[in-house]
Asks: 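For reference, the structure I am asking about is given below.
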Amino acid sequence: MITKSQLASLGLFDAKVPRYTSYPTAPHFSNDVGAGLFGDWISGLAPGSAISLYVHIPFCRRLCWFCACRTQGTQTDGPVAAYLETLKAEIALLGDRLPEGVTLSRLHWGGGTPTLLSPAMMEDLAGAIFDIAPMGPDAEFSVEIDPNEIDAARLDALARSGMNRASIGVQDFDDKIQQTIGRIQSYDVTRDAADMIRARGIQSLNADILYGLPFQTKERMTESVQKLLALNPDRVALYGYAHVPWMAKRQQLIPSDALPTPEQRLELDETARRLFLWDGYAEIGIDHFARPEDGLTRALKSGTLKRNFQGYTDDQADVLIGIGASSISKFPQGFAQNASATSVHTKAIRDGQFSIARGHVFKGEDALRARLIEALMCDFRIDVAEIRNRFDTSQSRLDAMFTEADRAFPGLLQITPEGLFIPPEARPLTRMIARSFDAYDLSKAGHSSAI
Ligand code: SF4
């Protein structure tokens, strides 16, 4: 059994480690990729292939203090309506480039707050998307729903548009914690939103909850998780709150001295984790839980679980295209990211061009290392046979990488001719172990805490 002092000596409690939703991670993107190359990647898709789309809505009615998302507060619909026109123009640009017969595997609206769109705007946006690419068989259309910013008319519009998975943010149900993080959202409001979602036949419900918040204790964590379990979500993401007030200025409103220590964070994470497992959820990777019949659980069992910018996914499409300011697209050739500032993004689209500001073209061992890291983050194991089947690499090259990881985490990893395995007691270190396969790991700063 690995002890807290061993975890501490390996740097778990002070390490700043990427979440590895991509490899290389976004801070390592450069101006390698521009609108021209991005357009070529789209045109080069196989006719009739399945792709996924992410649509970013960077507006909120309120700006919660804990949230590090890049989003603009707005009380009026004017900026949102103007942005919607930009999105529709960007979708049309994409449609001009897409080969015949492309369908959607996954469609996700995230933000910000996608549900601040009016019902008419929602249907307008969905219509523009389905005009260029209809939903394919077994496609999923998911939307991030703010329980404070939703009503029957908007849910009706989303249901009519084909939404079949809803995602609600919870953070924590405790009043004092909610006041301290600047996000008031009562249990009743959240439960009513979940009830309204299910009343429209939308059976798949995701929820996010945070550990590591100010004033959070094991008792408060237990109470919040039990309330969340009463809503019976199909999937739960249990994320550690990342306190980075030097990057996210709003977090300066949160008292640092009320935050749990790294050791307490580990206990809070473990408290919530146990409750989800007791309630019958399967553990998915480092921070998700899913009902046994959920797609993520099935993907885990069949060895097809993947990682993308939203976390874990069972999406098998090779291409994810990001629409909207700051969105990131992924192709087998690399990554492309839209301009982050809404104004810059809008100007490019109005000029008839994609707004790609940066990206990365895979080269050398990038694709191999991306898969090694994804395999660790999803399955806690690297299967040598699978890797050698997919990549032009040798046993000795993999052995050398495994030896390097073993040197960084002596005695903790199980390494055999078949591969590398992270045993359960070492899994709090998974992001750090994955980092030992990261050839771009330059800064070791600016990421969230490893626990
Ligand atoms: S938590 Fe949601 S509503 Fe609050 S600022 Fe972040 S994106 Fe906006």
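Order of listing sets the numbers, starting from 1, for every ligand and every atom in it.
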Asks: Please report which non-hydrogen protein atom sits nearest to atom 8 (Fe) of ligand 1, along with the residue it belongs to and the distance in Å to one decimal place.
Replies: Cys60 SG, 2.2 Å

Asks: Where does Arg183 meet ligand 1, judged by heavy-atom distances below 4.0 Å: at the side chain, the backbone, both, or neither?
Replies: side chain

Asks: Count the heavy atoms of every other residue, nucleotide or ligand shown that sit under 6.0 Å from CG of Asp195, and state whether that count exceeds 12.
Replies: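 Yes, the 6.0 Å shell around CG holds more than 12 heavy atoms from other groups.
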
Asks: Using a 4.0 Å cutoff against the non-hydrogen atoms of Cys67, which atoms of ligand 1 qualify?
Replies: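 So the atoms of ligand 1 that pass are 1 (S), 5 (S), 6 (Fe), 7 (S).
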
Asks: Does Cys69 bring an N, O or S atom to under 2.8 Å of atom 4 (Fe) of ligand 1?
Replies: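 No, outside the cut-off.
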
Asks: Of the options Arg106, Lys306, Arg298, which is the one that meets Asp314 in a salt bridge (charged side-chain N to carboxylate O under 4.0 Å, His left out)?
Replies: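 That would be Arg106; it is the only one of Arg106, Lys306, Arg298 passing the salt bridge (charged side-chain N to carboxylate O under 4.0 Å, His left out) with Asp314.
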
Asks: Which residue and atom name correspond to the protein heavy atom nearest atom 5 (S) of ligand 1, and how close is it?
Replies: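 For atom 5 (S) of ligand 1, the nearest protein heavy atom is Cys64 N, 3.3 Å.
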
Asks: Check whether the side chains of Gln337 and His360 place a donor and an acceptor atom closer than 3.5 Å, and report yes or no.
Replies: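 No, because no side-chain N or O of Gln337 sits under 3.5 Å from a partner of the opposite role on His360.
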
Asks: Will you find, in the side chains of Asp188 and Ser186, an N or O donor that is under 3.5 Å from an N or O acceptor?
Replies: no

Asks: Does Gly169 have a heavy atom less than 4.0 Å from any atom of ligand 1?
Replies: no

Asks: Hydrogens and angles aside, do Tyr281 and Asp294 bring a side-chain donor and acceptor to less than 3.5 Å of each other?
Replies: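 On atom types as modelled, these side chains do not qualify, holding no pair under 3.5 Å.
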
Asks: Do Ser224 and Asp172 have side-chain N/O donor and acceptor atoms under 3.5 Å apart?
Replies: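 Yes, side-chain donor-acceptor contact under 3.5 Å.
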
Asks: Does CD belonging to Gln178 count more than 12 external heavy atoms closer than 6.0 Å?
Replies: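 Yes, because the 6.0 Å sphere around CD of Gln178 holds more than 12 heavy atoms from other groups.
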
Asks: Using a 4.0 Å cutoff against the non-hydrogen atoms of Gly112, which atoms of ligand 1 qualify?
Replies: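 This gives 7 (S) as the contact atoms.
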
Asks: Would you call Arg62 a ligand 1 contact, heavy-atom distance under 4.0 Å?
Replies: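 Flag set, Arg62 near ligand 1.
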
Asks: In terms of atom number and element, which parts of ligand 1 are under 4.0 angstrom from non-hydrogen atoms of Thr113?
Replies: 3 (S), 8 (Fe)

